[in-house]
Student: 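Before I ask anything, here is the structure I am working with.
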Amino acid sequence: MSTTTLGGSYTFPGTSLTVNRMGYGAMQLAGPGVFGPPKDHDEAVAVLREAVAAGVNHIDTSDYYGPHVTNEIIREALHPYPAGLVIVTKLGARRPEDGSWQPWTSPQNLIDGVHDNLRHLGLDALDIVNYRVMGSGHGPSEGSISQQISTLADLKAEGLIRHIGVSNATHAQIVEAKTITPIVCVQNHYNLANRADDALVDDLARHGIAYVPFFPLGGFTPLQSSTLSSVAAKLGVTPMQVALAWLLHRSPNILLIPGTSSRAHLRENLAAAELTLCANVVAELDGIAATAHVAH
Ligand SMILES: NC(=O)c1ccc[n+]([C@@H]2O[C@H](COP(=O)([O-])OP(=O)(O)OC[C@H]3O[C@@H](n4cnc5c(N)ncnc54)[C@H](OP(=O)(O)O)[C@@H]3O)[C@@H](O)[C@H]2O)c1
């Protein structure tokens, strides 16, 4: 079993929830296109059990993965949940029969979504719920989210949600949300090649709020860069490990949730938390976002 430190621990602000910085994102456990059952159900269960056995105590999910599929696999693999396991879910979309991603944002949608997550995960309360702003595809776009955050705050007051975060959110939306309820984390698209949120990462760090990048490895289009490959070769590790180590190095408020459907990739990703990057290597990697030969 892995002996990695998983990047050290982090406590979400104003909470008693402490997690290792290297976590796990469950989206890859659903079928192709994040729709339907996984191609290898037993491997999906094994990935989750091995992650937790290795010390992962931060799992990201949503009831709209599948839909319901990843939550049901998490429950099958891990329920009753070990003490200290933090499961973070998200609301704001639904998946109709045609597999498309549709907004699901009315107060009743969000209330129903919380109950769906509770039922499928087998929980009485959800540790953290992110309101996922639909925005424009994988990118954020401006617009008030006060109604949705107020609804989640009401569900928190009822005891069904412990803490609230936002996802795919702009700076203005985060500021707006914070006027309604404490925001403990922001989950946005960010990685070595996509650094649009650089200033936001630093701003949240100053406020002690977690930044949890989605697509840390490039998501549906894995990161490819000659610089990344040559750095990895020099260090004797894989490009994906360097990409994850760079994120851990980038800022102490960054928590990782790389997604994988395979135990081999899981082990590789967890081991990345052991990698130390010297200043020269970080400078080289920092150049990637500016170069044209990166595909992302
Ligand atoms: N808030 C949002 O809007 C949002 C959006 C997307 C994702 N998320 C969350 O963020 C998590 C991470 O994002 P993601 O899973 O989409 O993307 P990701 O972690 O950037 O990349 C996952 C992809 O990389 C592959 N992979 C993983 N480890 C690898 C390795 N060591 N070597 C080579 N390939 C590897 C996976 O394939 P294999 O399965 O073959 O390993 C999968 O195709 C998700 O699981 C989900 O929980 C949130």
Side-chain angles (χ1 to χ4, degrees), residues 7 10 12 19-30 33-35 47 51 56 58-67 69-71 74 86-93 95 101 103-104 117 127-141 145 163-171 173-174 177 183-201 204-205 209-223 240 243-248 250-251 253-261 265-266 269-270 272-273 289 294-296:
Y10 174 91
F12 289 94
V19 296
N20 292 315
R21 291 182 66 210
M22 180 66 81
Y24 173 75
M27 190 177 88
Q28 303 297 334
L29 299 184
V34 202
F35 203 66
V47 165
V56 167
H58 173 202
I59 294 180
D60 184 78
T61 186
S62 174
D63 209 49
Y64 59 68
Y65 295 159
V69 170
T70 60
N71 279 353
I74 289 170
V86 175
I87 298 177
V88 179
T89 190
K90 63 186 82 67
L91 299 172
R95 310 293 302 283
W101 301 78
W104 213 50
N117 275 278
D127 283 330
I128 301 177
V129 174
N130 285 325
Y131 175 61
R132 205 290 187 183
V133 190
M134 281 303 269
S136 55
H138 293 303
S141 63
I145 57 171
H163 304 288
I164 296 170
V166 290
S167 176
N168 202 37
T170 66
H171 183 262
Q173 287 164 339
I174 297 164
I183 294 298
V184 301
C185 55
V186 173
Q187 186 178 119
N188 278 7
H189 186 180
Y190 184 78
N191 57 43
L192 254 180
N194 180 340
R195 298 185 55 177
D197 267 357
D198 262 339
L200 181 61
V201 169
L204 294 174
I209 296 172
Y211 185 89
V212 187
F214 72 76
F215 295 161
L217 300 173
F220 296 109
T221 315
L223 292 169
M240 295 310 184
L244 294 174
W246 178 85
L247 283 167
L248 285 177
R250 170 65 181 77
S251 185
N253 64 325
I254 288 188
L255 307 180
L256 299 189
I257 50 164
T260 181
S261 55
H265 284 168
L266 173 74
N269 296 344
L270 299 187
V294 172
H296 64 93

Student: Is a side-chain N or O of Y131 found less than 3.5 angstrom from the main chain of I164, in a donor-acceptor match?
Tutor: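 A pair under 3.5 Å: no.
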Student: State, to 0.1 Å, how close I59 and A26 come at their nearest heavy-atom pair, and which atoms those are.
Tutor: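 Smallest heavy-atom distance, with atoms named: CG2-CB, 4.4 Å.
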Student: Just do the side chain to side chain contact (heavy atoms under 4.5 Å, CB included) check on M27 and F214 with the steps written out, would you?
Tutor: CA-CA 10 Å; M27 190 177 88; F214 72 76; over 6 Å; no
Student: Applying side chain to side chain contact (heavy atoms under 4.5 Å, CB included), name anything that partners P258, two or more places apart in sequence or on another chain.
Tutor: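 If we apply the side chain to side chain contact (heavy atoms under 4.5 Å, CB included) test to P258, skipping adjacent residues, the hits are M22, P216, L217, L244, L256, N269.
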Student: Would you please name every residue forming a salt bridge (Lys or Arg N to Asp or Glu O under 4.0 Å) with R95, sequence neighbours left out?
Tutor: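 Listed in chain order: nothing, the list is empty.
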Student: Taking all non-hydrogen atoms of both residues into account, name the closest pair between R21 and S251 and its distance.
Tutor: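 Distance-wise, the nearest heavy atoms are NH2-O, 2.9 Å.
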Student: Can you see which heavy atom on K90 is nearest to which on N117, and at what distance?
Tutor: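 In terms of heavy atoms, the two residues are closest at O-ND2, 4.4 Å.
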Student: Side chain to side chain contact (heavy atoms under 4.5 Å, CB included) between L29 and Y65: does it pass, once the steps are laid out?
Tutor: CA-CA 8 Å; L29 299 184; Y65 295 159; over 6 Å; no
Student: Taking salt bridge (Lys or Arg N to Asp or Glu O under 4.0 Å) as the definition, give me every residue that meets it alongside D63, ordered by chain and number, with sequence neighbours left out.
Tutor: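 Once residues adjacent in sequence are excluded, D63 has no partner under the salt bridge (Lys or Arg N to Asp or Glu O under 4.0 Å) criterion.
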Student: Holding to side chain to side chain contact (heavy atoms under 4.5 Å, CB included), I want the full list of residues that pass it with A177, two or more places apart in sequence or in another chain.
Tutor: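 Counting only residues at least two positions away or on another chain, A177 forms a side chain to side chain contact (heavy atoms under 4.5 Å, CB included) with I145, I149, V166, I183.
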Student: I need the minimum non-hydrogen distance between F35 and P67, along with the two atoms involved.
Tutor: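 Smallest heavy-atom distance, with atoms named: CE1-CD, 3.8 Å.
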Student: Taking salt bridge (Lys or Arg N to Asp or Glu O under 4.0 Å) as the definition, give me every residue that meets it alongside D127, ordered by chain and number, with sequence neighbours left out.
Tutor: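 Partners of D127 by the salt bridge (Lys or Arg N to Asp or Glu O under 4.0 Å) criterion, ordered by chain and then number, come out as R162.
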Student: My understanding is that only residues two or more places apart in sequence, or in another chain, count here; which of them pass side chain to side chain contact (heavy atoms under 4.5 Å, CB included) with V69?
Tutor: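 A30, P38, I73.
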